[in-house]
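Some notes on the structure that comes next.
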Amino acid sequence: MKLLAFSDIHCNRDACQEIVAAAGDADLVIGAGDFASQHEGLAETMDMLEPIASKSIFVPGNNETLEALSAATYARVLHGEALREGEWAICGIGCAVPPLPPLPWHSYDLTEESAAALLAEIETADILITHSPPKGVADEARGLGSIGSTAVRAAIDRLQPKLVLCGHVHDCWGRSGRIGRSLVHNLGPSVNWFDL
């Protein structure tokens, strides 16, 4: 399977056009959250991504809610759920985990405890899509340090998916690391290819 993945598009028209143009060669497209910017522009961004919605799986970021994303796209949206794509078990969880420090706008966040409860329901995963990176891998934010999720990391330790795709921490776009057998990659708003 040829997989195209991205995150944190934040209403960027050029990035949307680049992703849609490249997606013709993809079997599956994954978007790891933050399509909107501070809960604005989601409908317009989803309109730009509509040509690839039928082959896409998205998770919400902290800049849009699960409900808003689900209502704005025909793509499959995961949050604490799993599905099968051919032979592959794919699961996802959105939001900022743990919650961000107070912001002048409402960030769509989950506590570590809530994220752990959602992830505990998942029994197997070949691909794990998370908006927040796991604690200690591609999670260093300027001025904040390591802001990754311990719940996501524990799920990776338990499930050992082949591939973990995340975003959220802009300072770490393009960075990868390993947790056991799992490759973790912080995507960013460019075209990222994976062959499975």
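Small disclaimer: the values here were computed from a predicted structure and weren't measured.
Looking at heavy atoms from C-beta onward, His10 lies in side-chain contact with His170 at the 4.5 angstrom threshold. Annotation: side chain of Pro101 is in contact with side chain of Leu144 (closest heavy-atom distance under 4.5 Å). Side-chain contact between Ile129 and Ile90 is present, with at least one heavy-atom pair separated by less than 4.5 Å. A heavy-atom distance below 4.5 Å is not found between the side chains of Thr111 and Pro98. In this structure the side chain of Ile127 reaches within 4.5 angstrom of the side chain of Met1, judged on heavy atoms. Contact annotation: the side chain of Thr65 never approaches that of Pro60 to less than 4.5 Å [non-hydrogen atoms, C-beta and beyond].
The backbone N or O of Ala23 sits less than 3.5 Å from a side-chain atom of Lys55, completing a donor-acceptor pair. Not a single donor-acceptor pair under 3.5 Å links the side chain of Glu64 to the backbone N or O of Leu69. Under the 3.5 Å distance criterion, the side-chain polar atoms of Thr45 are matched with a main-chain donor or acceptor of Gly41. With Ser70 contributing its side chain and Leu66 its backbone, the two residues share a donor-acceptor pair below 3.5 Å. Ser176 places no side-chain N or O within donor-acceptor distance of the main-chain N or O of His185, the cut-off being under 3.5 Å. Counting only distance, with no hydrogens or angles, the side chain of Asn192 and the backbone of Ala5 share a donor-acceptor pair below 3.5 Å. Judged purely by atom type and a 3.5 angstrom limit, Asn186 has no side-chain atom pairing as donor or acceptor with the backbone of Gly174. The backbone N or O of His106 sits less than 3.5 Å from a side-chain atom of His39, completing a donor-acceptor pair. No side-chain donor-acceptor contact under 3.5 Å links Asp8 to the backbone of Gly167. Side-chain N or O atoms of Arg84 include one that pairs as donor or acceptor with a backbone N or O of Glu87 at under 3.5 Å.
Side-chain contact of Ser149 with Glu112: a donor-acceptor pair under 3.5 Å is present, judged by distance alone. Neither side chain, Asn62 nor Asp109, offers a donor N or O lying under 3.5 Å from an acceptor on the other. In this structure, a donor-acceptor pair under 3.5 Å is present between the side chains of Ser146 and Asp139. Remark: the Asp34 side chain and the His131 side chain contain an N/O donor-acceptor pair separated by less than 3.5 Å.
Between Ser7 and Trp173 the shortest heavy-atom distance is OG-NE1, 4.3 Å. Closest of all the heavy-atom pairs between Cys91 and Ala125 is SG-CB, 3.4 Å. Heavy-atom minimum distance, Leu119 versus Ala151: CD1-O, 3.7 Å. Among all heavy-atom pairs drawn from Lys135 and Arg153, the shortest one is O-NH1, 2.8 Å. Scanning all heavy atoms of the two residues, the minimum distance from Ala22 to Val191 falls at CB-CG2, 3.9 Å.
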Test log, rule salt bridge (Lys or Arg N to Asp or Glu O under 4.0 Å), inputs Arg76 and Glu81: CA-CA 11 Å; Arg76 293 164 287 176; Glu81 300 163 308; over 6 Å; no

Stepwise side chain to side chain contact (heavy atoms under 4.5 Å, CB included) check, Glu50 with Thr73: CA-CA 7 Å; Glu50 191 274 332; Thr73 183; over 6 Å; no

Working for side chain to side chain contact (heavy atoms under 4.5 Å, CB included), residues His168 and Thr130: CA-CA 9 Å; His168 186 47; Thr130 69; over 6 Å; no

Verdict with supporting geometry, Leu4 and Ile52, side chain to side chain contact (heavy atoms under 4.5 Å, CB included): CA-CA 11 Å; Leu4 184 159; Ile52 61 171; over 6 Å; no

Stepwise side chain to side chain contact (heavy atoms under 4.5 Å, CB included) test for Leu3 and Asp195: CA-CA 6 Å; Leu3 190 155; Asp195 286 307; over 6 Å; no

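For the side-chain contact (heavy atoms from CB on, under 4.5 Å) criterion with Val137, the lone passing option out of Ile156, Leu183, Val184 is Val184.
Val97 and Trp105 fall into different hydrophobic clusters, where Ile, Leu, Val, Met, Phe, Trp and Tyr residues are linked whenever their side-chain heavy atoms come under 4.5 Å apart, directly or through other members. The cluster map of Ile, Leu, Val, Met, Phe, Trp and Tyr, joined by side-chain heavy atoms under 4.5 Å apart, puts Met46 and Tyr108 in the same cluster.
Between Phe58 and Phe35, the ring-plane angle classifies as tilted under the 30° and 60° cut-offs.
Contacts of Arg175 classified as salt bridge (Lys or Arg N to Asp or Glu O under 4.0 Å), with partners at least two apart in sequence or in another chain: none.
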